[in-house]
Every structure is written in structure tokens, then in C-alpha cells.
Amino acid sequence: MGISGLLPLLKSIQVNKHLSDFEGQTLAVDAYVWLHRGVYAYAYVWLHRGVYACATDLATGKKTTKYVDYAMHRVRLLRHHKIQPYVVLDGGPLPAKKGTETERRQRRAENLAKANALAAQGKHSQAREFYVKCVDVTPQMAYQFIKALRTEGVQYVVAPYEADAQMAYLERIGLVDGIITEDSDLLVFGCRKVLFKLDSVSSTITSISRVDFGSVTAAEGGISLLGWTDSQFRAMAILSGCDYLPSIPGVGLKTAWSLLRKHRTVEQLVRALRLEGKKPVPKGYLEAYRLAEKVFLHQRVYCPLEEKLVSLTEVPAQDVMDAETEAYIGR
DNA sequence: GTGTGGTTCAAAT
DNA sequence: TGAACCACAC
Ligand SMILES: [Mn+2]
């Protein structure tokens, strides 16, 4: 899901770069995106050839590991431009994302059912498009990718939970110079340099830098982020709705932005909204907000230097971490 | 007019 | 995942 509408809002600071601009740098790579696209591409090709077995079976990695080629092609492309890839894979499910994941699983099941129904009616071309929609990246596929990475001596790490937080940590401690992903969440995790939309044909990529946030213009009905702190930016994103917390109905990025200009703290903001009574603030929203904030700040990640699990950012001593919170952000 | 939220589509060898 | 599009409410 990411933060809906965030990238268009930051349009004015998106910079098109060539991969050669990153020569000599180490870039974290969100493995999920490449694997998913690889699986998608090959599932599509197989189905085109008339292989109408269940798409989820097709992609288990038993019959083929072709999807790995797609990802490795991109790994080699980075290396060709003298960029050192640091591949980051997703780990276990984060309790905080439970809602999002059950939703996805449901959608995949729906698409599979539709596909099977259409196939049963002999409508194979229509069935194909639904089969393609239920492809999923399995741990087995991730393992096939890891084997290829090992063979070619590419650095990688499996995150204890989300790759997002893991990549943010690698950048934070200086192990990577930037992050290649398609997920706008990385900006909310406080990353300094995030690279989107890698085009392997032209070797170009779209860059968004934290230092440019202040230049986000209020022109054309947009918003201004001049003088905004990481904390305020994060608040705007969470209030607008994120993977860890749905928004208050009727509140999107722009409303969150103007609310945060009026109120100094989220407590005051929520109190004012409740007093006004125009937007339905759910019961327990503020508590849920605090938890979401902690997931962005303190999610559990693996430190390759210390070789142990740590928090993305250190938890302040006065912050109480009860068992529920611990479970939520990973332990 | 503005902003939100829902739907639909593309994704690539 | 995002982008594009559109209907709806304010
Ligand atoms: Mn994410």
C-alpha cells in the first residue's frame, strides 16, 4: 500500500538520474519488487504458451527458476555501472501489518477462484489475466534468488521482519548510500536517498532526496514542506493512512498537512477533530497512532555489524515498551 | 474547485 | 506497488 498519493505530491523534487551517476556507491535493493516482477513476467509467458496449471503451483520454484534470471539481470546491470548491490529480503510477517496481509491473501484467493471458474468454462484467455494476478513470491523463490546471489558473490541480508525497516537501517548506519525500491514508505522511515522506477532498458532511475523536502513547492495547489522535520513528515504520512493504521475517514495527505500546520502535536490535533465532530475519529485512534509511529521508528532489524537484532532507531529510555508494543514492532 | 476514496490497469522476455 | 481516472461530498 505505501502512502497513497505521496509520490505525486513530491513530483517537484523527483530527479531523473542515470545509473552511472551512482558509480562507486553501494545501494540497497528491495528484493521483493524484482522477484515479484520476475515471477509475474514468467507466469505471463507460461500462461501465454498454454500452460494452464494453477499459477501458484507454477511459481513455486520446482519447475523453473526463470524468475531469478530477471532479478539477477538487474543485479548485473548495477554491477556493470560499478554499483555494489546490497540485496534485502523480507523476513517474517510483522504483527502490525496483519490487516494488510490478510487483505492481500484474500484478493489473491479471489483472483484464483475467478481464474479457475473461467478456465472451467473454457475461457482460457480471460482466465489467464486472473491467474497472473494471484502470483505470489514464496520463501522458496526467495531462497532460489539467494543461491544465485551467493554464486555471484552479491551481498544480501534477510530482514527479521520488513525489508523497508532493514534498508532504512543499512542507510542509517552508512552501509549503503541509497535505496532502490518502489515503495513510498521508505521516505517515511527517514531514508535520505530513495530511488524509484528503475528502467533497465535506459539504465535510468528516479531519485528523491530527503534534503530536497524543503524545496517542495506550494505552487499548483501542492503543499510546502519547508522547515518540516522528519517527525512532522512522518505524522502527515501516518495520519493520511498507512500499512499500520487506516486513516480517519476523510483525512488524506492534504488534510493531514493543513491540520499539522494548525496544531503543534497530534494529541491536540486529534482533540480538536473530536471537538469539531466533523470527522469520525475512531475510538482508541491516538493509541493506535502511537503504535504506528513506533513501527516506523523502532521496528526490529538485523545489524550486520553487531550480528544481532536491534531497533531501527534507539528507543528513548523514558518510552515504555509494554509486551503488546514489543509484539507489534517485532522482538 | 478541492480532496478523498474507490476502481481498474500495468507490471516484461 | 503506483498511476490514472472518476464519482462523490464538502
Ligand atoms: Mn512498505
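Quick note on labels: first sequence line is chain A, next is B, and so on, each numbered from 1.
Aromatic rings from Y156(A) and Y86(A) are positioned such that their centres are separated by 6.0 Å or more.
Y70(A) has no side-chain polar atom (N or O) that falls below the 4.0 Å cut-off from OP1 or OP2 of dT13(B).
When the side chains of ILVMFWY residues are joined at heavy-atom separations under 4.5 Å, either directly or via intervening members, V301(A) and L291(A) end up in a single hydrophobic cluster.
Look at CG on L9(A): it is 13 Å from C1' on dT2(B), rounded to the nearest Å. dA12(B) atom P lies 12 Å from atom NE2 of H36(A), rounded to whole Å. Atoms CZ (F196(A)) and C1' (dA11(B)) sit 17 Å apart, rounded to a whole Å. Atom-to-atom, CG of D69(A) to P of dA12(B) comes out at 16 Å; the value is rounded to the nearest Å. Across the protein-nucleic acid pair, K254(A) atom NZ and dG5(B) atom P stand 14 Å apart, rounded to whole Å. Protein atom CG of L239(A) is 12 Å distant from nucleotide atom P of dG5(B), rounded to whole Å. Between the P atom of dA12(B) and the CG atom of L77(A) lies a distance of 14 Å, rounded to the nearest Å.
Residue-level contact check: V251(A) touches the backbone only, with heavy atoms under 4.0 Å from sugar-phosphate atoms and none from bases.
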### Query
With the sugar-phosphate defined as primed atoms, P, OP1 and OP2, and the base as all remaining atoms, what B/S/- string results for nucleotides 2-10 of chain C, 5' to 3', for protein heavy atoms under 4.0 Å?
SS-------
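In this structure Y302(A) satisfies the ring-ring contact (aromatic ring centres under 6.0 Å, His included) test with no other residue, sequence neighbours excluded.
Donor-acceptor pairing under 3.5 Å is lacking for the side chains of H73(A) and S200(A). Side-chain contact check for T313(A) and R172(A): no donor-acceptor pair (N or O, by modelled atom type) lies under 3.5 Å.
Note on ring orientation: taking the six-membered ring where Trp is involved, the planes of H18(A) and H81(A) are perpendicular (angle over 60°, cut-offs 30° and 60°).
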